[in-house]
2 protein chains.
Amino acid sequence: MEVSEQPTVPAVNVKAPMCPSRGVLEHVTSRWGVLVLAALVERSYRFSELRREVGGVSEKMLAQTLQTLERDGFLLRDAKPVIPPRVDYSLTALGREAAEQVYALARWTERRTADVQAARAAYDEARSS
Amino acid sequence: MEVSEQPTVPAVNVKAPMCPSRGVLEHVTSRWGVLVLAALVERSYRFSELRREVGGVSEKMLAQTLQTLERDGFLLRDAKPVIPPRVDYSLTALGREAAEQVYALARWTERRTADVQAARAAYDEARSS
DNA sequence: AGTGGGTACTTACGAAAGGTTAGCGCTCTC
DNA sequence: GAGAGCGCTAACCTTTCGTAAGTACCCACT
């Protein structure tokens with residue numbers, strides 16, 4: 001390809017409000033996007049499997065999230081022409097790179113949740129008095 | 001502390017809809033939370049510095065995001081009693097752990113944005129025909 | 001001396017996103 | 001033949017979000 005090279009200062013910057021990277025980051029870090037990507041790190045899932053796996057997600061939001069992530073090239077949609085319909089979702093190479101990072105973040109969050117809850121309690125305590 | 005120990009299966013699980021870890025992850029991956037944390041990795045900032053640094057954020061959302069992250073124990077708010085008011089925000093140890101991960105994710109996003117855009121173009125192309 | 005600008009927020013209101021419920025066509029199970 | 005499961009989509013409503021303004025105070029400039 002070699003369309004253009006940015007050696008040190010990339011034209012792409014998440015800090016800039018109009019930069020397309022902003023939108024990409026928002027998709028990856030979206031409420032359900034994070035959980036879908038994290039789930040797909042372990043294995044591929046069908047639609048309704050994902051719906052059960054990712055607790056609390058509605059069908060509408062899951063469908064929307066999957067479409068967004070598919071369009072961004074993060075995951076592959078394999079719709080088999082059988083009855084009942086069967087659609088498998090799996091990560092692309094690009095998607096795996098993103099997913100592994102959000103997976104790590106999700107695991108970290110689980111580990112540190114107790115600390116956060118303690119911090120919240122201390123914060124609220126300091127204000128209630 | 002040693003309140004409780006989860007050896008292999010943690011009671012904390014982001015996949016469960018009611019789990020508190022879900023809320024923590026949402027704060028960290030929130031639209032402006034990500035960018036604020038990523039910015040604070042490099043150095044501490046004052047309120048209006050952050051507002052300029054994180055392009056497109058409103059004062060309301062910045063204040064809200066900062067309060068949420070402070071309450072979660074991710075960042076420290078140092079309000080100096082001077083005029084004009086001066087408030088410095090910096091990461092705590094806990095916040096730095098989170099911030100470094102979202103920082104890495106933000107940098108990855110910048111690097112891969114071109115690929116995502118290509119994927120989008122291909123996706124749209126395949127549907128328009 | 002008075003006008004404008006900077007500081008860190010908060011409050012009110014309209015717009016956009018997200019969630020809830022229902023429906024669809026089809027099939028296999030009970 | 002009633003019910004459940006499959007992968008969505010469309011309508012509706014609520015919650016969130018962004019936009020604009022207000023606040024109290026001081027400094028620089030005119």
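Convention: sequence-line order gives letters A, B, ...; per-chain numbering from 1. All values below come from the heavy atoms of this structure, side chains included, with hydrogens, waters and symmetry mates left out.
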Problem - Contact under 4.0 Å: Q64(B) side-chain N or O vs dT16(D) OP1/OP2 - result: no
Could you list the residues that satisfy side-chain hydrogen bond (donor to acceptor under 3.5 Å, both in side chains) with [X], not counting sequence neighbours?
{"X": "W32(A)", "answer": "none"}
{"X": "R111(B)", "answer": "none"}
{"X": "R31(B)", "answer": "E26(A)"}
{"X": "R22(B)", "answer": "none"}

Send over the distance from [X] [atom1] to [N] [atom2], rounded to a whole Å.
{"X": "K80(B)", "N": "dA8(C)", "atom1": "NZ", "atom2": "P", "result": "11 Å"}
{"X": "L62(B)", "N": "dC17(D)", "atom1": "CG", "atom2": "C1'", "result": "14 Å"}
{"X": "M61(A)", "N": "dT16(D)", "atom1": "CE", "atom2": "P", "result": "14 Å"}
{"X": "K60(B)", "N": "dA12(C)", "atom1": "NZ", "atom2": "C1'", "result": "9 Å"}
{"X": "Q67(B)", "N": "dA8(C)", "atom1": "CD", "atom2": "P", "result": "14 Å"}

N/O to N/O distances under 3.5 Å, protein versus nucleotides 2-6 of chain D:
from   : atom 1 : to     : atom 2 : distance (Å)
dC6(D) : OP2    : R52(A) : NH1    : 3.4
dC6(D) : O5'    : S48(A) : OG     : 3.4
dC6(D) : O3'    : R46(A) : NH2    : 3.3
dC6(D) : O3'    : P85(A) : O      : 2.9

Problem - Row check, Y45(A) ring normal vs R43(A) NZ/CZ: under 6.0 Å, within 45° - result: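 That pair qualifies as a cation-pi contact.
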Practice task
Go through residues 30-39 of chain A and report each residue with a non-hydrogen atom lying under 4.0 Å from DNA chain D, sorted by number.
Solution key: none
Practice task
Could you please spell out the steps behind the side chain to side chain contact (heavy atoms under 4.5 Å, CB included) verdict for R77(A) and L66(A)?
Solution key: CA-CA 9 Å; R77(A) 179 176 181 272; L66(A) 289 170; over 6 Å; no
Practice task
Could you check whether E26(A) gets within reach of a base, just the sugar-phosphate, or nothing at all, counting any heavy atom under 4.0 Å?
Solution key: nothing
Exercise for the section: Check whether any side-chain heavy atom of V41(A) lies under 4.5 Å from a side-chain heavy atom of V102(A), and answer yes or no. Expected result: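 No; the side chains remain at least 4.5 Å from each other.
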Exercise for the section: Answer yes if the side chains of E70(B) and Y89(B) hold a donor-acceptor pair under 3.5 Å, and no otherwise. Expected result: no
